[in-house]
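Scroll down for the structure; my scribbles are underneath it.
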Amino acid sequence: MDLSNTHVLIVGAGLGGSLLACDLAKHGARVTLCERRSDPRAAGFIGGRSINLAMGTRGLTALKRVGLDEAVLKDAVKMPGRLMHSVTGELTFQGYSKDGKHTNYSVSRSQLNITLLEAADTYDHVTLRFDCRCVDVDFDEPSAVFERSDGWHETIKADIIVGADGAFSAVRDQMMRTSGFNYSQDYLSHGYKELHIPNLAELRELGAEIKDDTNAPFAMEKHALHIWPRGSSMMIALPNADGTFTCTLFWPMEGKDSFAEVDALSDDGAKAFFRKHYGDAVPVMPTLIEDYRNNPTSRLVTIRCEPWNMGTNTVLIGDAAHAVVPFYGQGMQASFEDCRILMEMLEQHNGDFARVIPAFAEARKPNGDAIADLAIENFVEMRDKVGHKSFLYKKKFDKFLARTIPQWETLYDMVSFSNIPYAEAKKRAKTQWFVVELIIGVIFVIVSMALVAVLRSVF
Ligand code: FAD
């Protein structure tokens with residue numbers, strides 16, 4: 001496929017936009033990539049604390065297309081399962097994949113973005129523009145208007161416009177002004193806040209008492225996504241390559257055990273709250289209260305819209321089309337998958353954007369909806385259900401069936417370690433879970449009846 005006659009304007013040089021720029025450029029397209037923020041490569045984004053993302057098969061498959069999978073994995077930390085921390089500090093490991101062969105990786109968001117931008121910048125026919133905010137789009141021309149805070153503005157014309165400008169997309173905003181465009185946004189009643197666990201060297205410098213250094217330079221098990229499930233709320237921690245962990249609190253905004261409740265406590269009160277609920281983490285979080293007070297509390301939103309295209313020359317990808325809550329670790333991966341599917345469809349139709357754009361939008365929309373639903377369901381599972389024995393038994397049985405029956409895949413495996421379309425994974429998993437509950441129900445009835453028969457014969 002030769003795209004050298006096509007000029008593609010990508011709005012947003014985040015994760016999806018910069019990956020798509022690489023893939024289009026690889027096929028010869030002239031790409032202009034415009035980003036509202038300043039250049040992260042110059043702004044020293046790297047030096048800051050690492051905010052990390054979980055990445056599995058979907059993300060890696062898309063990266064492989066542009067030859068960046070190995071470069072990204074070089075600094076990634078393997079997370080083959082969840083390590084649950086009970087209130088009393090008891091640890092339970094739950095491997096993710098049915099055969100233990102697959103793993104998620106924890107990758108640094110900033111480093112990933114920089115790697116993609118650097119790769120895009122190696123092509124002469126890619127122009128990167130930073131500090132360049134899209135404020136208007138003309139779908140007929142097609143073109144987009146960009147401006148800077150100093151008053152500079154410019155209209156950029158292109159053959160194709162891709163809105164890769166995230167959950168609060170300016171391209172989508174313009175699409176909303178046209179008739180027949182559907183849009184919804186749903187905020188969770190939970191928000192999130194990031195906290196930090198230093199590595200052992202930093203902990204020692206900060207005067208923390210280290211009783212166990214078996215995971216050095218990490219303060220806890222390195223190869224796991226740590227979860228402190230606490231019913232209506234939870235904390236998670238993902239490892240970073242430098243031995244630190246990035247923790248995220250997912251708490252209700254208001255009410256019991258909420259951000260509002262802890263915000264109102266004194267520092268001692270807040271620390272006591274953490275000791276009560278996350279007791280084993282507190283000793284490795286010496287900057288806990290400072291981080292808690294200084295770091296913002298943000299909201300979580302699911303955004304759905306339809307159609308994802310405007311005619312045959314403008315299309316949305318990633319969060320701009322389908323922002324999902326982060327509980328399946330799939331938002332960025334779904335964005336990457338959009339890029340892969342769009343490119344594969346272009347390859348199938350020899351670069352015919354006019355044919356592919358509407359077809360892509362229609363084919364991908366059910367998958368965007370499916371991962372949005374699955375992400376919310378996984379939130380309930382992570383914060384609550386994984387703390388219940390009956391649920392864990394069902395999960396174990398599901399995994400047992402997956403190991404025994406070749407056609408059986410757990411939902412987690414399908415979502416995280418395959419490229420099965422999300423909508424198909426959701427449908428298959430629903431049927432399988434029904435079978436799991438049915439079998440367990442039948443076993444329960446048989447065992448109860450046998451027990452009653454034994455008791456009758458005894459008495
Ligand atoms: P973004 O990465 O948001 O990029 C959009 C870009 O557009 C930004 O650079 C922005 O500055 C730019 N932009 C915005 N408006 C304009 C404008 N008007 N003009 C020009 N540029 C503009 N996903 C995973 O796969 N795994 C995870 O573990 C994971 N964890 C997460 C944890 C949290 C707490 C959250 C909130 C999200 C998480 N996600 C995760 C989701 C992931 O961050 C997003 O889905 C992903 O960043 C989407 O990529 P994108 O390129 O579509 O949008």
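Order of appearance sets the numbers: ligands from 1, and atoms from 1 within every ligand. All values derive from a computational prediction rather than experimental measurement.
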Legend entry - Residue pair Tyr183, Asp173: steps toward the side-chain hydrogen bond (donor to acceptor under 3.5 Å, both in side chains) verdict: CA-CA 10 Å; Tyr183 172 80; Asp173 276 356; over 6 Å; no
Inset, instruction - From atom 18 (N) of ligand 1, work out which of Gly163, Cys134, Ser169, Gly16 has a heavy atom at the shortest distance. - result: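 The option holding the nearest heavy atom is Cys134.
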Inset, instruction - Compare Ile51, Leu112, Asp165, Asn113 and give the one whose heavy atom is closest to atom 16 (C) of ligand 1. - result: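 It is Asp165 whose heavy atom sits nearest to atom 16 (C) of ligand 1.
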Legend entry - Arg109, portion touching ligand 1 at heavy-atom distance under 4.0 Å: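 It is the side chain that gets close, since no backbone atom is under 4.0 Å.
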Legend entry - ligand 1-proximal atoms of Pro326, by part, heavy-atom distance under 4.0 Å: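 Contact part for Pro326 vs ligand 1: side chain (C-beta onward).
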Legend entry - Between OH on residue Tyr187 and CZ on residue Arg299, distance to nearest 0.5 Å: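 Between Tyr187 OH and Arg299 CZ, I get 8.0 Å after rounding to 0.5 Å.
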Is there a polar contact between ligand 1 and [X], counting only N or O atoms under 3.5 Å apart?
| X | answer |
| --- | --- |
| Tyr192 | no |
| Glu194 | no |
| Glu35 | yes |
| Met332 | yes |

What's the shortest distance from [atom] to any protein heavy atom, and which residue and atom give it?
| atom | result |
| --- | --- |
| atom 29 (C) of ligand 1 | Leu53 CD2, 3.2 Å |
| atom 2 (O) of ligand 1 | Leu15 N, 3.6 Å |
| atom 26 (N) of ligand 1 | Ala54 O, 3.0 Å |
| atom 21 (N) of ligand 1 | Arg36 N, 3.1 Å |
| atom 53 (O) of ligand 1 | Gly166 CA, 3.8 Å |

Inset, instruction - For Asn295 and Tyr192, test the side chains for any donor-to-acceptor distance below 3.5 angstrom and give the result as yes or no. - result: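 Side chains of Asn295 and Tyr192: no pair found under 3.5 Å.
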Legend entry - Test item: Arg41 and Asp121 side chains (from C-beta on) under 4.5 Å apart, heavy atoms: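 Yes; the side chains approach each other to less than 4.5 Å.
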Legend entry - Check: Ile376 and Phe327 side chains under 4.5 Å, non-hydrogen atoms: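 Counting from C-beta outward, Phe327 and Ile376 never come under 4.5 Å.
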Inset, instruction - Assign the ring pair Tyr123 / His125 to parallel, tilted or perpendicular, where the plane angle (0 to 90°) is split at 30° and 60°. - result: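 Answer is perpendicular, since the angle exceeds 60°.
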Inset, instruction - Please state whether the rings of Phe250 and Phe379 are parallel, tilted or perpendicular, taking 30° and 60° as the class boundaries. - result: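 The rings of Phe250 and Phe379 stand perpendicular, inter-plane angle above 60°.
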Inset, instruction - Report the C-alpha distance between Leu83 and Ile227 in whole Å, list the side-chain angles of each, state the deciding distance to 0.1 Å, and finish with yes or no for side-chain contact (heavy atoms from CB on, under 4.5 Å). - result: CA-CA 6 Å; Leu83 190 62; Ile227 309 184; over 6 Å; no
Inset, instruction - Take every heavy atom of Ala167, measure it against each atom of ligand 1, and state whether any distance is under 4.0 Å. - result: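 Heavy atoms of Ala167 never come under 4.0 Å of ligand 1.
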Inset, instruction - Look at the side chain of Thr103 and the backbone N and O of Met79, then say whether any donor-acceptor pair between them is shorter than 3.5 Å. - result: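 Yes: the side chain of Thr103 pairs with the backbone of Met79.
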